[in-house]
Amino acid sequence: MKFEVTILGSSSATPIFNRNPTSQAVNINDRWYLIDCGEGTQQQMLRFDIKASKIDHIFISHLHGDHYLGLVGLLSSLHLNGRIKPLHIYCPAHLKEIIDIQLLYSETTIQYPLEYRFTDAEKVEVLLDNQDITVETIPLNHRIACTGFLFKEKKRLRKLMKEKIERLGVPISHYSALKKGEDYVAPNGDIYKNDALTTDSSDPKSYAYCSDTMYDERYFKQISDVTMLYHEATFLDNMLDRALETHHTTALQAGEIALKVNAKRLLIGHFSARYKTLNELLEEAQSVFKDTELAIEGRTFIIE
C-alpha cells in the first residue's frame, strides 16, 4: 500500500531562506491528508503538483500562526473552485471561531460542509478510522495546547498463493475466507491449513508527526517502534536554554528521541530562521541517530 509524505513547509515561525512555514501532505493508498497549513501552503501544493481537491482531511496541531495561517485561504480557494464534498478538519476548538470570523467579515458562505473534530491536548484520541488507517493524537508539551498525529496502517489481509489454490480448485467464493485466515475444507473432507495456501501481509507501517514540543518522555511510549518519526528540531543543542524557554526541541534531542523510541527513520524540521543552511542540524541529529534526514521542501519520503 502506498504510504508517502511530501514536505510542503519546514520553517518555524517565519518564511525565510526559501523555506515556508510548516505543512505536509500525506498520501496513503491515494487518499490525501494535510498536516498543518502554514502561510504559503497553497503555493507549495501548486508547485509540487498536489491537488487540493483530493484532500478530504486536514489536521492542525496548534494555534500558532505558522501552523494554520494558510488555512483560510485554502478553504476559500476550494470554495471558488467549486468544491461540494465535505472537508474534515481536526483542530483545537478555537480554530473554528477564527475561521468563522474570517468568513463573516468577508461575507463569504462556503458552499461545502466543514466538518470539525476538536482535539484535546491532554489525552490520546482516535480522530479517524477508515479502511486503511487510524489517526490518533499525540499530546505534546508546547507553550499552548498542541498535539502531534500518529498515522497507523491497518493490518492487510493475507495474500493468496494463486497457483496452489487454483490447482486445488478452491472456489472463488472461498477466497475472502482464506484472506481472513480460515482453513479450506475440500468437498472430500480434506483440510488445507491456511498457511499452506496464503502468505502473511507485510507488517503495518506508521508515521508519527511530532509538531512543536519540548523534550518530554510522556509521549515516547505511544510512538515506540514507529516506522518514520517526524520531529521538530528548531535549534542546535548549543541553544538548549532557548529551546527550553520556547518549549522546542534541539536537533540533538530529536536524535535521542528517535533512538529511545526505536524509530526506523527520523525526519527533522521546523528549523529556526537563524539557520541559513541546515547541515549542522542534520549532523547533530545524526551523531546519535544515523538514519536521520532533513524535511526538505518538495521531497517525498516513502514510508516502508
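As the structure is a computational prediction, the values presented were derived from the model and not from experiment. Just the heavy atoms: all of them, side chains too, but no hydrogens, waters or symmetry mates, feed the values below.
- The closest donor-acceptor contact from the side chain of Glu182 to the backbone of Lys180 lies at 3.5 Å or more, if one exists at all.
- Here the side chain of Asp183 pairs a donor or acceptor atom with the backbone of Asn194 at under 3.5 angstrom.
- Salt bridge Glu293/Arg265: present, at least one basic N to carboxylate O contact under 4.0 Å.
- In this structure, Leu114 CG and Ile110 CD1 are separated by 6.0 Å, a value rounded to the nearest 0.5 Å.
- No hydrogens or angles considered: a donor-acceptor pair under 3.5 Å links the side chains of Asn262 and Asp225.
- By the 4.0 Å N-to-carboxylate-O rule, Asp195 lies too far from Lys193 to be salt-bridged with it.
- In this structure, Asp237 contributes its side chain and Leu240 its backbone to no donor-acceptor pair below 3.5 Å.
- Separation of atoms CZ (Phe271) and OG1 (Thr22) is listed at 9.5 Å; rounding is to 0.5 Å.
- Ile89 and Leu74 fall within the same hydrophobic cluster, defined by Ile, Leu, Val, Met, Phe, Trp and Tyr side-chain heavy atoms under 4.5 Å apart, directly or through other members.
- Interatomic distance, CG of Leu127 versus OG1 of Thr147, reported as 7.0 Å (0.5 Å rounding).
- Within the 3.5 Å criterion, the main-chain N or O of Gly73 finds a donor-acceptor partner in the side chain of Gln42.
- Using a 4.0 Å cut-off between charged side-chain N and carboxylate O, Lys2 and Asp30 make a salt bridge.
- Ser12 and Ser272 are not linked by any side-chain donor-acceptor pair at a separation below 3.5 angstrom, with hydrogens and angles left out of the test.
- Both Leu266 and Leu150 are members of a single hydrophobic cluster when ILVMFWY side chains are connected at heavy-atom separations under 4.5 Å.
- Ile28 and Met228 end up in the same hydrophobic cluster when Ile, Leu, Val, Met, Phe, Trp and Tyr side chains are linked at under 4.5 Å.
- Atom OG1 of Thr6 and atom CD of Glu4 lie 6.5 Å apart (nearest 0.5 Å).
- Checked for salt-bridge contact, Glu217 and Lys260 meet the test: a charged N lies under 4.0 Å from a carboxylate O.
- Taking the six-membered ring for Trp, His94 and His62 have ring centres at least 6.0 Å apart.
- The aromatic rings of Tyr90 and His57 sit parallel to each other, their planes meeting at less than 30°, with 60° as the upper class boundary.
- With a 4.5 Å cut-off on side-chain heavy atoms, Phe151 and Leu128 do not count as touching.
- At a threshold of 4.5 Å between side-chain heavy atoms, the hydrophobic network of Ile, Leu, Val, Met, Phe, Trp and Tyr places Ile138 and Leu63 in two separate groups.
- Counting non-hydrogen atoms of other residues, nucleotides and ligands closer than 6.0 Å to CZ of Arg117 gives a total above 12.
- For the pair Tyr33/Asn27, no side-chain contact is recorded, criterion being any heavy-atom separation below 4.5 Å from C-beta on.
- Taking the charged nitrogens against the carboxylate oxygens, Glu304 and Lys205 have no contact shorter than 4.0 Å, which rules out a salt bridge.
- Counted by atom type alone, Ser211 and Ser61 present one or more donor-acceptor pairs between their side chains at under 3.5 Å.
- Donor-acceptor pairing under 3.5 Å is lacking for the side chains of Asp212 and His64.
- Classification of the Phe220-Tyr215 ring pair by plane angle, with boundaries at 30° and 60°, yields perpendicular.
- In this structure the side chain of His231 never reaches within 4.5 angstrom of the side chain of Leu267, judged on heavy atoms.
- Hydrophobic cluster membership differs between Leu46 and Leu78, with clusters built from Ile, Leu, Val, Met, Phe, Trp and Tyr side chains linked at under 4.5 angstrom.
- By the 6.0 Å and 45° rule, Arg83 stacks over the aromatic ring of Tyr112.
- In terms of modelled atom types and a separation under 3.5 Å, the side chain of Thr227 and the main chain of Ser206 share a donor-acceptor contact.
- Arg47 contributes atom CZ, which lies 12.5 Å from atom OG1 of Thr41 (distance to the nearest 0.5 angstrom).
- In this structure, Glu280 places its CD atom where only 12 or fewer heavy-atom neighbours from other residues, nucleotides or ligands lie under 6.0 Å away.
- Contact check for His247 versus Leu140: no side-chain heavy atoms found under the 4.5 Å cut-off.
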*Stepwise side-chain hydrogen bond (donor to acceptor under 3.5 Å, both in side chains) check, Thr119 with Glu125*: CA-CA 8 Å; Thr119 54; Glu125 297 179 294; over 6 Å; no
*So His142 and His248, ring pair (Phe, Tyr, Trp, His ring centres under 6.0 Å) or not? Walk me through it.*
CA-CA 7 Å; His142 193 40; His248 283 299; 4.9 Å; yes
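- Proximity of Ile99 to Val72: side-chain heavy atoms (C-beta onward) are separated by under 4.5 Å at one or more points.
- The one candidate from Glu297, Arg299, Glu232, Arg19 that meets the side chain to side chain donor-acceptor pair (under 3.5 Å) condition with Ser10 is Glu297.
- Side chain to side chain, Gln24 and Tyr207 meet the donor-acceptor criterion of an N or O pair below 3.5 Å.
- A side-chain N or O of Asn188 and one of Asp190 form a donor-acceptor pair less than 3.5 Å apart.
- Going from atom CG of Leu8 over to atom CG of Leu34 covers 6.5 Å, rounded to the nearest 0.5 Å.
- Ring-plane geometry between Tyr209 and Tyr230 is classed as parallel, the angle between the planes falling under 30 degrees on a 0 to 90 degree scale with a further cut at 60.
- One finds no salt bridge joining Asp56 and Arg31 here, because no Lys/Arg side-chain nitrogen approaches an Asp/Glu carboxylate oxygen to under 4.0 Å.
- Electrostatic pairing of Lys154 and Asp129 counts as a salt bridge here, judged by a charged N lying under 4.0 Å from a carboxylate O.
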